[in-house]
Amino acid sequence: MVYTLDPRTKRLGIMGGTFDPIHNGHLVAASEVAHRFALDQVLFVPTGQPWQKEDHKVSEAEHRYLMTVIATAADARFEVSRVDIERPGPTFTVDTLTDLRKQYGEDLEMFFITGADALSNILTWRDHEQVVEMAHLVGVTRPGHNLQNPGLPSEAITLIEIPALAISSTDVRARVARGEPIRYLVPDGVAFHIQKHNLYLDANPNPDPTIVGIL
């Protein structure tokens, strides 16, 4: 799909995810989507209480937020938002987009970026019709993943394969638990934060390979 640029409209990429931890694949994905859609900015939005992961242990929001700030600091196109962390209760995408619309104003074209695996369940999201109306959806995935439209109009969604997403947060946590190196998988500052705060030492060292979280 070809997008016509309107110089009066800010084009904002919104990269939502748990970021537990953020890794280099996330940064490559954000850069690729920013280039593909000529985005002015990509806003990383760590979830507060991810409703899809109520049965999984998730690191404290402040750790995930700080690691995201560290990872994105070197790229002027990237910023990090606390909008989901500071909102009480479970995080729903419709609330994220609504709050950001209020913050940035109406002259805003939003592109919501998330893992294609998460996007495949969009029909279960709260107010998913409103989500589709507010933002173009961009699903990013690792090579070899079966890219399928979850049932949305083709103009509402774009699926992109990102080679660097062979890295996953699940794998990073497992490597930490096994005492294996994570350098070059995550930014150096993120690796230092993980070591300093002893994160992921109790993570599952042998996760189910069929359940791998990109974001």
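Worth knowing before you read on, the calculation uses all heavy atoms, side chains too, and leaves out hydrogens, waters and symmetry mates.
Distance check: R87 CZ to R82 CZ gives 12.5 Å after rounding to the nearest 0.5 Å. The distance from atom CG of D99 to atom CD of E86, rounded to the nearest 0.5 Å, is 10.5 Å. The structure places CD1 of I194 at 12.0 Å from CZ of R175, a figure rounded to the nearest 0.5 Å. For the atom pair CD (E60) and CD1 (I85), the distance works out to 11.5 Å, reported to the nearest 0.5 Å. With values rounded to the nearest 0.5 angstrom, D117 atom CG is found 8.0 Å from N121 atom CG. We find the CZ-OG distance between R142 and S168 to be 6.5 Å, quoted to the nearest 0.5 Å.
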- Check step by step if side chain to side chain contact (heavy atoms under 4.5 Å, CB included) holds for M67 and F19. CA-CA 8 Å; M67 286 189 287; F19 302 126; over 6 Å; no
Requested in this report: Determine, step by step, whether D84 and T91 satisfy the side-chain hydrogen bond (donor to acceptor under 3.5 Å, both in side chains) criterion, reporting the C-alpha distance in whole Å, the side-chain angles of both residues, the deciding distance to 0.1 Å, and the verdict.
Outcome: CA-CA 6 Å; D84 283 347; T91 296; 4.7 Å; no
Discussion item. The test is side chain to side chain contact (heavy atoms under 4.5 Å, CB included); show your working for V186 and V172 and say whether it passes.
Written reply: CA-CA 8 Å; V186 302; V172 171; 4.1 Å; yes
Test V132 against I122 for side chain to side chain contact (heavy atoms under 4.5 Å, CB included), laying out the working first.
CA-CA 10 Å; V132 174; I122 187 173; 4.3 Å; yes
>> Run the side chain to side chain contact (heavy atoms under 4.5 Å, CB included) test on I160 and T141 for me, step by step, so that the C-alpha distance in whole Å, both residues' side-chain angles and the decisive distance to 0.1 Å come before the verdict.
In response: CA-CA 6 Å; I160 303 176; T141 188; over 6 Å; no
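Taking the six-membered ring for Trp and thresholds of 30 and 60 degrees, H197 and H193 have ring planes inclined between 30 and 60 degrees apart. Aromatic ring pairs are classed by plane angle as parallel below 30°, tilted from 30° to 60° and perpendicular above 60°; the pair F78 and F44 is perpendicular.
F112 and Y104 fall within a single hydrophobic cluster, where Ile, Leu, Val, Met, Phe, Trp and Tyr side chains are chained together by heavy-atom contacts under 4.5 Å. L199 and L201 fall within a single hydrophobic cluster, where Ile, Leu, Val, Met, Phe, Trp and Tyr are joined by side-chain heavy atoms under 4.5 Å apart, directly or via other members.
The minimum heavy-atom distance linking V42 with A34 is given by the pair CG2-CB, 3.9 Å. Taking both residues in full, the closest heavy atoms of V190 and A71 are given as CG2-CB, 3.9 Å, listed atom of the first, atom of the second, then distance. A pairwise comparison of heavy atoms in S81 and P46 identifies O-CD, 3.4 Å as the closest pair. What you find for N24 and I167 is that their closest heavy atoms are CB-CD1, 4.4 Å.
Side-chain contact check for T68 versus H63: every heavy-atom pair is 4.5 Å or farther apart. The shortest distance between side-chain heavy atoms of T114 and V140 does not fall below 4.5 Å. A heavy-atom distance below 4.5 Å is not found between the side chains of V138 and I157. Side-chain contact between L12 and E109: absent, with no pair of heavy atoms (C-beta onward) separated by less than 4.5 Å. Looking only at side-chain heavy atoms (C-beta outward), R64 and P21 stay at 4.5 Å or farther from each other. For the pair P187/I70, no side-chain contact is recorded, criterion being any heavy-atom separation below 4.5 Å from C-beta on. The side-chain heavy atoms of V80 and Y65, taken from C-beta on, include a pair separated by under 4.5 Å. Within the 4.5 Å cutoff, the side chain of R183 has heavy atoms near those of the D188 side chain.
In this structure, K10 does not pair ionically with E106, as no charged nitrogen and carboxylate oxygen lie closer than 4.0 Å. Residues K57 and D202 are paired through a salt bridge, judged by an N-O separation under 4.0 Å between the basic side chain and the carboxylate.
A side-chain donor from one of S59 and D20 sits under 3.5 Å from a side-chain acceptor of the other. Using a 3.5 Å distance cut-off with no hydrogens or angles, the side chains of T98 and D95 do not pair a donor with an acceptor. Looking only at atom types and distance, the side chain of R36 has no donor-acceptor partner in the side chain of T158 under 3.5 Å away.
At distances below 3.5 Å, at least one donor-acceptor pair connects side-chain atoms of R178 with backbone N or O atoms of P205. With H35 contributing its side chain and E32 its backbone, the two residues share no donor-acceptor pair below 3.5 Å. When atom types are taken as modelled, the side chain of T72 and the backbone of E79 share no donor-acceptor pair closer than 3.5 angstrom. The backbone N or O of L43 lies less than 3.5 Å from no partner atom in the side chain of R77, so there is not a single donor-acceptor pair. A donor-acceptor pair under 3.5 Å is absent between the side-chain atoms of S31 and the main chain of L27, judged by distance alone.
Exactly one of L97, D127, L100 qualifies for a side-chain contact (heavy atoms from CB on, under 4.5 Å) with M134. That residue is L97.
More than 12 heavy atoms of other residues, nucleotides or ligands sit less than 6.0 Å from atom CD of E62. Residue Q195 qualifies as open at atom CD: its count of foreign heavy atoms under 6.0 Å is 12 or below.
Remark: aromatic rings of H136 and F37 are close, center separation under 6.0 Å.
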